[in-house]
Enquirer: 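Sharing a structure with you now.
Computed from heavy atoms alone, side chains included, the values below leave out hydrogens, waters and symmetry copies.
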Amino acid sequence: AHDSERLDAIDDALDRMWAIVEETLTLAKQGRHVGETERVPLGEFAGRCWQTVETHGATLDVAVDGDVGILADADRLRHLVENLFRNAVEHGQANTDSQFVHVRVGVLRDDGGPIGFYIDDDGPGIPPDERERVFDPGYTTDPEGTGYGLSIVTWIAEAHGWAVSVTAGTDAGARFEFTGVEFE
């Protein structure tokens, strides 16, 4: 007789190991530098990325005026955006008082115009004393998580020459801000 609970635990562990291997291989193949960039229409692009993520009823608000474009490697930017969307949905759904998480993408501006973009949500947020640690490889609060999603987000941002930070979101959730972004 087989102990199905033990087999399930082994299966879950193997799934996590493969996820870590796949994420590490993706990063190794892409490297830490971006080669060619192209104009990526931020709002439209975010909408396309949203369609590829299991949202479980979560909603997306694209607060980007018109056809604002950034210079980026579209494949790597997709990986960054999808990781943040998945993170918001997975962590927010389990820890929010509302039935569904709301995610927002927008442009960061200063007096001189656009300087970056943000992705935020109305989930539980990230406590201030953990905000720097969330980018560390292997850091996770999800027993099913690999702890590499936000590390990969950081590496992709740095490969573009962008800075990434996390703060409180517009509606008390988590807000990831990317600065040093070139607009076109």
Side-chain angles (χ1 to χ4, degrees), residues 19-20 22-50 52-53 60-65 68-92 101 103-110 112-121 123 125-142 145-170 173-184:
I20 291 169
E22 286 176 16
E23 289 175 345
T24 304
L25 286 174
T26 297
L27 183 63
K29 287 178 191 173
Q30 293 177 345
R32 294 250 185 168
H33 300 285
V34 170
E36 290 190 37
T37 61
E38 62 185 280
R39 183 185 185 282
V40 178
L42 185 58
E44 176 189 324
F45 186 80
R48 286 195 318 259
C49 290
W50 186 254
T52 65
V53 174
L60 175 68
D61 174 23
V62 178
V64 176
D65 297 330
V68 171
I70 63 173
L71 291 179
D73 175 319
D75 289 335
R76 295 179 77 183
L77 180 61
R78 175 176 301 284
H79 204 95
L80 179 151
V81 171
E82 289 174 353
N83 267 348
L84 288 176
F85 285 170
R86 264 191 297 288
N87 221 38
V89 170
E90 290 169 6
H91 290 282
V101 171
V103 179
R104 181 180 301 106
V105 176
V107 175
L108 295 169
R109 299 180 183 278
D110 69 5
I115 59 168
F117 66 95
Y118 66 86
I119 298 176
D120 77 6
D121 62 64
I126 300 169
D129 61 332
E130 291 185 37
R131 290 183 182 156
E132 288 302 315
R133 291 184 40 225
V134 299
F135 297 113
D136 293 344
Y139 177 85
T140 184
T141 58
D142 181 355
T146 64
Y148 283 90
L150 293 180
S151 296
I152 289 173
V153 165
T154 300
W155 295 329
I156 292 170
E158 289 172 351
H160 281 87
W162 306 337
V164 60
S165 62
V166 64
T167 186
T170 307
R175 178 177 176 126
F176 292 86
E177 296 183 342
F178 300 86
T179 56
V181 178
E182 196 172 338
F183 285 78
E184 189 176 90

Enquirer: Quick one: does R86's side chain have a donor or acceptor within less than 3.5 Å of a partner on V53's backbone?
Expert: no
Enquirer: Under the side chain to side chain donor-acceptor pair (under 3.5 Å) test, which residues partner N87, sequence neighbours left out?
Expert: H91
Enquirer: Residues in side chain to side chain donor-acceptor pair (under 3.5 Å) with T52, at least two apart?
Expert: E82
Enquirer: Locate the shortest heavy-atom distance separating A46 from V105; write the atom from each residue and the value.
Expert: CB-CG2, 4.1 Å
Enquirer: Work out which heavy atom in C49 is nearest to a heavy atom in V81; give both atom names and the distance.
Expert: CB-CG1, 3.8 Å
Enquirer: Of all residues at least two apart in sequence or in a different chain, which pass the side-chain contact (heavy atoms from CB on, under 4.5 Å) check with L108?
Expert: I115, Y118, R175, E177, T179
Enquirer: Rounded at 0.5 Å granularity, tell me how far CG in D75 sits from CD1 in I156.
Expert: 10.0 Å
Enquirer: Go through V107 and F183 one step at a time and tell me if the side-chain contact (heavy atoms from CB on, under 4.5 Å) criterion holds.
Expert: CA-CA 10 Å; V107 175; F183 285 78; 4.1 Å; yes
Enquirer: Quick one: pull up OG1 in T154 and CG in L80 and give me the separation to the nearest 0.5 Å.
Expert: 8.5 Å
Enquirer: With sequence neighbours excluded, tell me which residues meet side chain to side chain donor-acceptor pair (under 3.5 Å) with R48.
Expert: E44
Enquirer: Drop me the distance from R104's CZ to I119's CD1, to the nearest 0.5 angstrom.
Expert: 12.5 Å
Enquirer: Start with the C-alpha gap between V89 and V101, add the side-chain angles, then the distance that decides, and say whether side-chain contact (heavy atoms from CB on, under 4.5 Å) holds.
Expert: CA-CA 6 Å; V89 170; V101 171; 5.5 Å; no
Enquirer: With sequence neighbours excluded, what pairs up with W50 under the ring-ring contact (aromatic ring centres under 6.0 Å, His included) test?
Expert: F85
Enquirer: Nearest 0.5 Å, please: how far is CG in L84 from CD1 in I152?
Expert: 11.5 Å
Enquirer: Who are the ring-ring contact (aromatic ring centres under 6.0 Å, His included) partners of F176, not counting sequence neighbours?
Expert: none
Enquirer: Where the side chain of H160 meets the backbone of D73, is there a donor-acceptor pair that is under 3.5 Å apart?
Expert: yes
Enquirer: What distance do D65 atom CG and L42 atom CG have between them, rounded to the nearest 0.5 Å?
Expert: 11.0 Å
Enquirer: As a quick check of understanding, evaluate side-chain contact (heavy atoms from CB on, under 4.5 Å) for I70 and F178, giving each step before the final call.
Expert: CA-CA 11 Å; I70 63 173; F178 300 86; over 6 Å; no
Enquirer: Do you know the tightest heavy-atom contact between V164 and A157?
Expert: CB-CB, 4.3 Å
Enquirer: Please find the pair of heavy atoms, one from L77 and one from F117, that lie closest to each other, and give the distance.
Expert: CD1-CZ, 4.2 Å
Enquirer: Give the minimum heavy-atom separation between V62 and G43, together with the two atoms involved.
Expert: CG1-CA, 3.4 Å
Enquirer: For A74 versus E38, what's the shortest heavy-atom pair and its separation?
Expert: CB-OE2, 3.8 Å
